[in-house]
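Working notes for the structure below.
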Amino acid sequence: QVQLVESGGGLVQAGGSLRLSCVPSARIFGISAMGWYRQAPGKQRDLVATITSGGTTNYADSVKGRFTISGDNAKNTVYLQMNSLKPEDTAVYYCNIRRTTTIGNYDSWGQGTQVTVSS
């Protein structure tokens, strides 16, 4: 089973920046999309941003203009540049990689990385 290894989380003051990275433990074939989700305490896991294999991006309204997702298809790596961070961005951030086959879609998830934004 391929594992996704996330890094880049931490504690930052409001207005600061962080860059998250997600690298799989082995090459993944058939990737259709990669993305980042987040889960705050007591809340459900929500989409932050996704990028398709063709480069199309999608963002949650709350992060538009502040976060940028990018991917390296050759390395199966996905990044999330987070600028102008706010306390409400505090959450555990999870990397997701989706493979699409003739049978269906298969999702892999990272273990999560904590992002804490202090006011």
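The first residue in the sequence is number 1, and the count goes up from there.
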Indicate every side-chain donor-acceptor pair of residues 4-14 with a distance under 3.5 Å to a residue at least two apart or in another chain.
residue	atom	partner	partner atom	Å
Glu6	OE1	Gln111	N	3.3
Glu6	OE1	Gly112	N	2.4
Glu6	OE2	Cys95	N	2.5

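Two residues are said to be in side-chain contact when any heavy atoms from C-beta on lie closer than 4.5 Å; Thr50 and Thr57 fail this criterion.
Applying the disulfide bond (SG atoms under 2.5 Å apart) test to pairs two or more places apart or on separate chains, none has a residue in residues 34-94. Within the structure, salt bridge (Lys or Arg N to Asp or Glu O under 4.0 Å) pairs that include any residue of residues 13-37 do not occur (at least two apart or interchain). Applying the salt bridge (Lys or Arg N to Asp or Glu O under 4.0 Å) test to every pair with at least one member in residues 108-117, sequence neighbours left out, gives no pairs at all. Within the structure, salt bridge (Lys or Arg N to Asp or Glu O under 4.0 Å) contacts touching residues 65-79 (residues at least two apart or in different chains) are Arg66-Asp89. Residue pairs satisfying the ring-ring contact (aromatic ring centres under 6.0 Å, His included) criterion with at least one member in residues 30-61, sequence neighbours excluded, are listed as follows: Tyr37-Trp109. The salt bridge (Lys or Arg N to Asp or Glu O under 4.0 Å) analysis of residues 47-59, with sequence neighbours excluded, yields no pairs. Residue pairs that meet the ring-ring contact (aromatic ring centres under 6.0 Å, His included) test with at least one member in residues 60-106, sequence neighbours left out, do not exist here.
Applying the side-chain contact (heavy atoms from CB on, under 4.5 Å) criterion to Ser53, with sequence neighbours excluded, gives no partner residue. Checked against salt bridge (charged side-chain N to carboxylate O under 4.0 Å, His left out), Arg99 has no partners two or more places apart in sequence or in another chain. Contacts of Lys64 classified as salt bridge (charged side-chain N to carboxylate O under 4.0 Å, His left out), with partners at least two apart in sequence or in another chain: Asp61.
Cluster membership for Val78 and Val63, using ILVMFWY side-chain heavy atoms within less than 4.5 angstrom, is shared. Follow the hydrophobic side-chain contacts under 4.5 Å out from Leu18 and you never reach Val92; the two are in separate clusters.
Separating the CD atom in Gln81 from the CD1 atom in Ile69 is a distance of 12.0 Å, to the nearest 0.5 Å. Interatomic distance, CG of Asn58 versus OG1 of Thr52, reported as 10.0 Å (0.5 Å rounding). Between atom OG1 of residue Thr100 and atom CZ of residue Arg98 there is a gap of 6.5 Å, rounded to the nearest 0.5 Å. Once rounded to the nearest 0.5 Å, the distance linking OG1 of Thr77 with CD1 of Ile97 reads 7.5 Å. For the atom pair Arg38 CZ and Met82 CE, the distance stands at 9.0 Å (nearest 0.5 Å).
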Practice task
Could you walk me through whether Thr68 and Asn83 pass side chain to side chain contact (heavy atoms under 4.5 Å, CB included), step by step?
Solution key: CA-CA 8 Å; Thr68 303; Asn83 298 327; 5.7 Å; no
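Shown here is Gln114, whose CD atom has more than 12 heavy atoms of other residues, nucleotides or ligands within 6.0 Å.
The two residues Leu80 and Ala49 have their closest heavy-atom pair at CD1-CB, 4.3 Å.
In this structure, Asn76 contributes its side chain and Ile28 its backbone to a donor-acceptor pair below 3.5 Å.
If you chain together ILVMFWY residues whose side-chain heavy atoms come under 4.5 Å of each other, Val23 ends up in a group of its own.
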